[in-house]
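Presented below is the structure to which this report refers.
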Amino acid sequence: MVVLGAGPAGLVLGNLLQDAGIDCVVLERAERTHLRTRARAGFLAAHTVHVLERHGLAEGLRRHGQAHSTCEFRTEDGRFRLDYSGLGRGERHTVYPQQLLVTDLLTRFLDKGGRIEFGTEATAVVDLDTDRPSVTVREADGRPGRRRARYVAGCDGRHGAARRSLPPGSVRRYDCAHGVTWLGLLAEAPPSLDAVGYAVHERGFAGHMARTSEITRYYVQCEPGTPAGAWSEERIWDELELRMGVTKYGPLHRGPVVQRTVVDLESDVLEPLRHGSLFLAGDAAALISPSAAKGANLAVLEAELLARALIDDLRHGDAEGLDAYSARCLTHIWRAQEFSHWMIGLLHGPSGADRPSPFHEALRQSRLASLRTSRSRQDWFAEHYVGV
Ligand code: RFL
């Protein structure tokens with residue numbers, strides 16, 4: 001078995017296959033140190049935590065993760081809070097930075113004798129339609145190479161080799177550019193509120209999400225095409241403070257901005273997620289905008305489904321799970337996409353060239369108002385916000 005990519009999807013899959021005694025190698029383009037410091041997600045759904053616990057992969061997050069269950073919306077009409085542990089299914093998030101999760105998964109995999117080839121870039125998956133597919137690679141020393149396997153798992157993200165190797169016309173790609181751009185920031189500053197903060201302001205969206213007691217993630221909506229370094233730190237903090245209404249609701253802890261990423265909100269889904277001997281999981285299967293924090297959670301869910309199906313096939317000769325893999329994942333993916341899309345509509349006021357029409361703006365305000373006042377709406381929100 002060859003797994004492409006050592007992100008959450010590839011590493012959960014690798015650990016589960018290895019625990020079942022299935023020989024697998026993970027090919028990873030980046031170096032190990034890069035993976036341990038690549039900050040991205042932080043909010044893990046209850047289901048994700050259950051999966052990790054079920055397979056003995058949750059030690060770090062149990063020790064260092066923080067339970068989290070409140071979000072606060074700030075609008076021109078005031079603010080309101082939802083404690084979602086008392087709504088919907090009563091579930092919470094666990095806040096645990098993705099780079100720590102990846103580090104835990106890597107360490108466990110390697111400690112148990114797993115093989116990861118760092119600095120090895122998959123260039124193509126070939127012979128997908130046979131039961132001896134292979135992966136062509138650029139080895140760490142730059143020379144070309146090849147790995148053969150019974151199956152290949154494409155967990156190498158949106159721009160990876162797995163997607164590129166799908167024969168033209170063999171999959172359908174649904175995609176959507178939402179016309180919204182965020183500047184994603186990591187600040188060396190403690191969180192400023194005990195909730196996820198979503199500010200909907202006439203100058204655009206601003207978001208606050210705890211990561212650790214010393215690090216906070218912020219998002220600030222900017223014009224599409226804005227380079228990551230375009231705003232000074234002072235401008236970033238001034239905009240965040242203005243949009244988050246600090247004069248009414250209290251100050252933000254300022255600190256050095258240690259990472260900036262431009263995030264164009266985009267989504268796509270490939271269908272089906274299998275082509276012959278190649279299976280897609282995580283961002284390689286579907287890209288989801290970070291508006292509802294679903295990407296890493298879907299990656300873990302799909303990795304577990306794929307691992308089970310591969311084990312059934314390779315250990316017991318039962319191919320039913322592999323045949324059903326794509327359809328099973330797509331049900332979850334589309335539900336997450338639908339919620340994520342709803343969140344984008346909820347959070348983005350008028351700004352920039354893609355200013356919504358007055359009709360859409362009024363719809364957005366009505367959507368916020370029903371979330372503020374309707375218990376059944378809040379239950380629906382909670383179930384989808386924490387769930388995958
Ligand atoms: P990853 O994590 O991108 O890992 C793919 C790995 O494949 C490697 N790779 C290759 N290796 C070999 N050969 C090639 N040709 C290769 N091409 C790529 C890469 O180096 C990498 O190591 O994909 P995976 O495993 O599918 O996991 C997906 C998640 O990383 C992603 O969905 C989340 O980070 C999305 N996301 C969030 N998700 C959440 O569930 N909760 C959050 O709070 C959350 N916040 C975020 C996010 C994504 C963000 N960015 C990247 C826009 C916040 C941000 C800013």
Side-chain angles (χ1 to χ4, degrees), residues 2-14 25-32 34-45 47-49 68 93-99 101-102 105-106 116-125 135-140 145 147 152-165 181-186 196 207 209-211 217-219 228 259-268 273 280-303 306 329 333 336 340 343 385-388:
V2 175
V3 177
L4 309 184
L11 289 170
V12 168
L13 178 62
V25 60
V26 179
L27 308 180
E28 169 56 54
R29 183 177 57 184
E31 294 303 332
R32 187 173 177 173
H34 178 66
L35 300 186
R36 296 162 67 106
T37 53
R38 190 168 57 191
R40 287 178 161 189
F43 275 67
L44 301 181
H47 179 272
T48 306
V49 174
H68 199 289
H93 281 115
T94 299
V95 180
Y96 191 59
Q98 181 168 325
Q99 69 275 25
L101 177 64
V102 164
L105 295 169
L106 271 177
I116 303 184
E117 299 185 10
F118 293 104
T120 304
E121 180 174 4
T123 48
V125 186
V135 180
T136 57
V137 302
R138 189 171 302 112
E139 307 279 5
R147 307 285 181 279
V152 177
C155 305
D156 51 349
R158 177 192 196 186
H159 300 294
R163 276 192 172 201
R164 284 199 308 271
S165 304
T181 299
W182 290 354
L183 195 51
L185 308 159
L186 277 184
V196 174
M209 280 134 221
R211 282 295 185 259
R217 186 175 271 299
Y218 286 96
Y219 292 111
Q259 192 210 69
R260 299 166 178 234
T261 327
V262 174
V263 187
D264 292 315
L265 267 53
E266 290 174 282
S267 310
D268 70 16
L273 304 180
L280 304 178
D283 282 6
L287 180 77
I288 186 157
S289 87
S291 58
K294 296 285 180 223
N297 293 296
L298 283 172
V300 171
L301 180 148
E302 291 155 22
L306 183 54
C329 291
I333 288 170
S340 188
M343 282 289 278
Y385 187 59
V386 205
V388 266

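Every value quoted in this text rests on a predicted model; they were computed, and no experiment measured them. First listed ligand is number 1; within each ligand, the first listed atom is number 1.
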For [X], counting its heavy atoms only, list the atoms of ligand 1 lying under 4.0 Å from any of them.
X: L35; value: 22 (O)
X: E121; value: 13 (N), 15 (N)
X: T120; value: 12 (C)
X: F43; value: 41 (N), 43 (O)
X: L27; value: 11 (N), 12 (C)
X: G5; value: 6 (C), 7 (O), 8 (C)
X: G282; value: 26 (O)

Counting N and O atoms only, with roles assigned by atom type, does the side chain of [X] sit under 3.5 Å from a partner on the main chain of [Y], one being a donor and the other an acceptor?
X: R211; Y: R40; answer: yes
X: T123; Y: T136; answer: yes
X: T120; Y: F118; answer: yes
X: N297; Y: V388; answer: no
X: D156; Y: A162; answer: yes

Atom [atom1] of [X] and atom [atom2] of [Y]: how far apart are they, to the nearest 0.5 Å?
X: E139; Y: R147; atom1: CD; atom2: CZ; value: 4.0 Å
X: L306; Y: L273; atom1: CG; atom2: CG; value: 10.0 Å
X: L11; Y: I116; atom1: CG; atom2: CD1; value: 5.5 Å
X: E121; Y: R29; atom1: CD; atom2: CZ; value: 5.5 Å
X: L105; Y: L35; atom1: CG; atom2: CG; value: 11.0 Å
X: T181; Y: E266; atom1: OG1; atom2: CD; value: 8.5 Å

Test your reading of the structure: does [X] have an N or O sitting under 3.5 Å from an N or O of ligand 1?
X: G157; value: no
X: A293; value: yes
X: G42; value: yes
X: A296; value: yes
X: Q98; value: yes
X: A30; value: no
X: P8; value: yes
X: R164; value: no
X: G295; value: yes
X: R217; value: no

[atom]: nearest protein contact (heavy atom, Å):
atom: atom 25 (O) of ligand 1; answer: A9 N, 3.0 Å
atom: atom 19 (C) of ligand 1; answer: E28 OE2, 3.5 Å
atom: atom 15 (N) of ligand 1; answer: A122 O, 3.0 Å
atom: atom 12 (C) of ligand 1; answer: R29 N, 3.3 Å
atom: atom 4 (O) of ligand 1; answer: G7 CA, 3.4 Å
atom: atom 16 (C) of ligand 1; answer: D156 CB, 3.7 Å
atom: atom 31 (C) of ligand 1; answer: D283 OD2, 3.4 Å
atom: atom 1 (P) of ligand 1; answer: R40 NH1, 3.5 Å

Looking at ligand 1, does [X] have a heavy atom less than 4.0 Å from it?
X: T261; answer: no
X: R38; answer: yes
X: L4; answer: no
X: L44; answer: no
X: Y219; answer: yes

Problem - Residues in salt bridge (Lys or Arg N to Asp or Glu O under 4.0 Å) contact with R164, at least two apart in sequence or another chain - result: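 R164 satisfies salt bridge (Lys or Arg N to Asp or Glu O under 4.0 Å) with no other residue.
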
Exercise for the section: May I ask you to identify, for C155, whether its side chain, its backbone, both or neither come under 4.0 Å of ligand 1 on a heavy-atom basis? Expected result: backbone

Practice task
Look at the aromatic rings of H93 and F43 and report parallel, tilted or perpendicular, splitting at 30° and 60°.
Solution key: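 The arrangement is perpendicular - the two ring planes meet at more than 60°.
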
Exercise for the section: Can you confirm whether something in the protein, heavy atoms only, sits under 4.0 Å from atom 50 (N) of ligand 1? Expected result: no

Problem - Atom CZ of R138: over 12 foreign heavy atoms under 6.0 Å - result: no

Practice task
Could you give me the CA-CA distance, side-chain angles and deciding distance for L106 and E28, then say whether side chain to side chain contact (heavy atoms under 4.5 Å, CB included) is met?
Solution key: CA-CA 11 Å; L106 271 177; E28 169 56 54; over 6 Å; no

Problem - Nearest atoms (heavy-atom pairs only) where E302 meets C329 - result: CG-SG, 3.6 Å

N/O donor to acceptor pairs below 3.5 angstrom from side-chain atoms of residues 280-295, sequence neighbours left out:
unit_1 : atom_1 : unit_2 : atom_2 : d
S289   : OG     : S291   : N      : 3.4
S289   : OG     : S291   : OG     : 2.9
S289   : OG     : S340   : OG     : 3.2
S291   : OG     : S340   : O      : 3.2
S291   : OG     : S340   : OG     : 3.0
K294   : NZ     : H384   : O      : 2.5
K294   : NZ     : Y385   : O      : 2.9
K294   : NZ     : G387   : O      : 2.8

Handout entry: Close side-chain approach of L27 to V3, heavy-atom, < 4.5 Å
Key =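 In short, these two side chains do not touch, never coming nearer than 4.5 Å.
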
